[in-house]
Amino acid sequence: MTYFNKFACCLVTYGHTRSVICDVQRNNYYLIPNSLYTLLTEEFPNFSIEEIFENYGKENEKYLKDYLNFLLANEIGFIDDQIIKELIPLHLHYKVAEPISNMIIDVSTESFFLEDSVQIAKFIDANRVKQLQIRCYDVIDLNMFSTFLNNLSDTTLKGIEIILPYTIKSENRLVSKNIIKSNDKITKLIYFGCNEGKQDKYLNRIILYVEDKIINKKNCGLVSSNYFNSNLETYTLSNNHNSCLYKKISIDSEGNIRNCPSMPQSFGNIKDTHLEDALSQPEFKKYWNLTKDSIDVCKDCEFRYICTDCRAYTERTHTDSEGLDTSKPLKCGYNPYLGEWEEWSTNPLKEKAIHYYGMQDLVKA
C-alpha cells in the first residue's frame with residue numbers, strides 16, 4: 001500500500017469555484033479544482049492511493065493520475081508506504097510582539113511635521129515599529145526630507161520604503177543616491193508616473209520605476225493578483241486579523257492620525273495629539289481583527305489568505321452587528337463565483353460607491 005503525504009508548508013484554501021494550494025515556504029501558489037481539495041483534505045490523509053483509486057472507479061483513474069503527477073511535480077508532497085505522523089501541521093497562529101508593526105506617512109509640500117521628527121522617532125522606538133512606508137504625491141523639499149529621514153536612522157525600523165513622483169527624479173538625477181545615503185534602513189525607492197517600468201539598484205537597495213499614476217491617497221486599496229503574497233506571515237496574518245490594518249498607524253499629509261491614511265476616521269492631528277494617545281482610543285483598533293472570512297464575497301474567495309484587504313474603499317453593501325463595514329473591497333474586480341477577473345472601475349454595480357468616494361476623476365485617469 002502507498003500513501004500520499006502533503007508537506008506541512010503547503011496549505012490548501014477552499015473557494016466557491018476552485019481552490020488554492022499555497023506553498024508558504026517557497027511563496028508560490030497553485031490554482032486547483034475543488035475535487036483536488038477534497039482529495040488533499042479528506043482522502044489522502046485517511047486512505048491509501050490504491051484504496052482511493054478503487055473507490056473512485058476506472059472512469060476517474062486518469063484524473064487521479066494527473067492530480068498525483070501535478071502534486072509530485074510541484075513538490076506538494078511525496079509518496080511513502082505509510083502516512084508520516086511526524087509531518088505535524090503548521091500552527092496558523094499569528095503573534096507579533098510589537099504594539100505597532102508598520103507605519104505609513106503621507107507627505108506633501110504642506111506637511112509641516114517634516115520639520116520635527118522627534119515625536120515620530122520616539123513613537124517608533126517605544127512601539128518597536130519595524131516597517132515604514134513614506135508616500136510623496138508631489139515634489140517636496142528634498143533637503144528637509146533627507147533631514148527627516150536621517151533623524152529616523154537610529155530607530156528600531158528595519159525597513160523604509162519610499163514612493164515618489166518621477167518628476168523629482170527628472171529634476172534631480174542624484175536624488176536616489178542622496179536619499180539612500182541619508183538612511184541605511186531604506187530598502188526600496190519606487191518612482192511612479194514613469195514612461196516605462198524597470199528596476200535598478202544602488203548600494204543593494206531596490207529602485208523601481210512604475211507607469212502607474214498615483215494622484216493621492218485614493219489610489220490606495222487596489223486588489224490585484226500582482227500583489228498576492230503567499231508566504232507564511234501573510235497567510236497566518238490573514239487567518240487571524242485584518243491583512244491591511246492590523247497593528248498599523250498612519251499620518252496623512254495634513255498631519256491627521258489614522259489607522260490608514262485613506263480611512264475616514266481621524267484620531268487627532270500630530271500638531272496637538274500624541275501618537276500614543278491616538279493609539280489608545282478604543283475605536284482605533286476596531287477593524288484590526290476583521291478577517292476576510294467575515295467579509296462579503298471575500299469569504300468565498302480562494303485567494304482570501306494571500307490577498308490584502310481594504311476597509312477604506314468598499315462597495316458599501318454590508319455592515320455587521322458591531323457596525324463594521326464588511327463589504328467587498330471596491331477596487332477588487334475578481335468574482336469568486338465565476339473564477340474570473342474584470343476591470344473593477346467599469347462595473348456598473350460599483351458606480352454608486354465610486355461617486356460616494358469622489359473617484360470619478362481617478363477612474364477616468
Side-chain angles (χ1 to χ4, degrees), residues 6-42 44-45 70-71 74-77 87-96 101-102 131 220-248 259-260 285 287-315 318 320 324-341 344:
K6 180 174 67 68
F7 288 121
C9 64
C10 294
L11 305 173
V12 194
T13 306
Y14 184 83
H16 185 273
T17 303
R18 55 189 178 177
S19 298
V20 164
I21 299 173
C22 295
D23 185 340
V24 297
Q25 181 170 310
R26 298 178 181 178
N27 201 0
N28 290 329
Y29 70 88
Y30 307 92
L31 287 164
I32 61 171
N34 283 340
S35 54
L36 181 49
Y37 173 91
T38 302
L39 282 170
L40 287 166
T41 58
E42 298 178 18
F44 287 141
F70 164 80
L71 295 171
N74 290 286
E75 299 181 313
I76 306 301
L87 289 174
I88 302 172
L90 291 178
H91 287 294
L92 298 183
H93 303 304
Y94 184 84
K95 293 183 179 179
V96 176
S101 58
N102 61 96
Q131 301 296 327
C220 190
L222 179 65
V223 175
S224 166
S225 59
N226 294 330
Y227 305 138
F228 287 172
N229 199 332
S230 53
N231 62 25
L232 183 59
E233 181 176 7
T234 300
Y235 196 96
T236 53
L237 168 62
S238 301
N239 261 269
N240 295 277
H241 308 286
N242 188 268
S243 56
C244 180
L245 299 176
Y246 183 63
K247 294 204 172 185
K248 174 184 287 182
N259 194 179
C260 160
K285 303 177 182 179
Y287 279 106
W288 278 19
N289 297 316
L290 184 70
T291 68
K292 285 291 190 79
D293 289 319
S294 300
I295 295 173
D296 184 60
V297 181
C298 296
K299 62 188 177 183
D300 297 319
C301 181
E302 64 270 27
F303 300 121
R304 62 188 178 275
Y305 299 138
I306 60 176
C307 175
T308 301
D309 184 42
C310 180
R311 293 298 89 203
Y313 306 119
T314 75
E315 294 184 349
H318 291 74
D320 70 6
L324 299 182
D325 185 349
T326 56
S327 311
K328 178 184 177 182
L330 176 64
K331 298 182 184 180
C332 177
Y334 183 66
N335 185 336
Y337 306 111
L338 298 176
E340 297 176 352
W341 288 88
W344 69 271

Note to self: To the nearest 0.5 Å, what is the distance between NZ on Lys299 and OG on Ser294?
What the structure shows: 8.5 Å
Check: Any side-chain heavy-atom pair from Glu315 and Pro329 closer than 4.5 angstrom?
Finding: no
Next item on the list: Find the distance between NZ (Lys285) and CG (Asn259) and round it off to the nearest 0.5 Å.
Entry: 10.5 Å
Item checked: Nearest heavy atoms of Leu31 and Arg18, plus distance in Å -> CD1-NH1, 3.4 Å
Note to self: Once salt bridge (Lys or Arg N to Asp or Glu O under 4.0 Å) is applied, do any residues pair with Asp293, and if so which ones, sequence neighbours excluded?
What the structure shows: Arg304
Next item on the list: Applying side-chain contact (heavy atoms from CB on, under 4.5 Å), name anything that partners Tyr94, two or more places apart in sequence or on another chain.
Entry: Val96, Glu233, Thr236, Leu237, Asn240, His241, Tyr246
Check: When rounded to the nearest 0.5 angstrom, what distance separates CG in Leu90 from CG in Leu232?
Finding: 6.0 Å
Item checked: By side-chain contact (heavy atoms from CB on, under 4.5 Å) - contacts of Cys244 (at least two apart) -> Asn242, Lys248, Thr308
Note to self: Please enumerate all residues that pass side-chain hydrogen bond (donor to acceptor under 3.5 Å, both in side chains) together with Asn74, with sequence neighbours excluded.
What the structure shows: none
Check: With sequence neighbours excluded, what pairs up with Ser238 under the side-chain contact (heavy atoms from CB on, under 4.5 Å) test?
Finding: Thr234, Ser243, Tyr305
Next item on the list: Hey, could you give me the CD1/CD1 distance between Ile21 and Ile76, rounded to the nearest 0.5 Å?
Entry: 4.5 Å
Item checked: With sequence neighbours excluded, residues passing ring pair (Phe, Tyr, Trp, His ring centres under 6.0 Å) with Tyr334 -> Phe303, Trp341
Note to self: Taking the side chain as everything from C-beta on, heavy atoms only, tell me whether Ser225 gets closer than 4.5 Å to Tyr29.
What the structure shows: yes
Would you list the atom pairs, donor with acceptor, under 3.5 Å between side chains in residues 7-17 and any protein atom, with sequence neighbours excluded?
residue : atom : partner : partner atom : Å
Thr13   : OG1  : Tyr235  : OH           : 2.8
Thr17   : OG1  : Pro336  : O            : 2.5
Thr17   : OG1  : Tyr337  : O            : 3.2

Next item on the list: Could you grab the distance from atom CG of Asn28 to atom CG of Asn231, nearest 0.5 Å is fine?
Entry: 11.0 Å
Next item on the list: Working to the nearest 0.5 Å, report the span between NZ of Lys292 and SG of Cys307.
Entry: 3.5 Å
Margin query: Using every non-hydrogen atom in the two residues, find where Leu245 and Trp288 come nearest and quote the distance to one decimal.
Written below: O-NE1, 3.0 Å
Check: Got a sec, which residues hit side-chain hydrogen bond (donor to acceptor under 3.5 Å, both in side chains) with Ser35, two or more places apart in sequence or on another chain?
Finding: Tyr67
Checklist line | Other residues, nucleotides, ligands: >12 heavy atoms within 6.0 Å of Gln25 CD | finding: no
Next item on the list: Just jot down the side-chain contact (heavy atoms from CB on, under 4.5 Å) partners of Leu338, sequence neighbours excluded, or say none.
Entry: Asn335, Glu340
Checklist line | Shortest non-hydrogen contact between His318 and Asp296, atoms and distance | finding: CE1-OD2, 3.2 Å
Notebook entry, point to check: Of all residues at least two apart in sequence or in a different chain, which pass the side-chain hydrogen bond (donor to acceptor under 3.5 Å, both in side chains) check with Asp325?
Noted result: Thr314, Ser327
Checklist line | side chain to side chain contact (heavy atoms under 4.5 Å, CB included) between Asp309 and Tyr287, intermediate numbers included | finding: CA-CA 11 Å; Asp309 184 42; Tyr287 279 106; over 6 Å; no
Check: Does some side-chain heavy atom of Arg311 sit less than 4.5 Å from a side-chain heavy atom of Ile295?
Finding: yes
Next item on the list: Search all heavy atoms of Trp344 against all heavy atoms of Leu330 and return the closest pair with its distance.
Entry: CE3-O, 3.5 Å
Margin query: Under the rule for side-chain hydrogen bond (donor to acceptor under 3.5 Å, both in side chains), what residues qualify as partners of Asn102, not counting sequence neighbours?
Written below: none
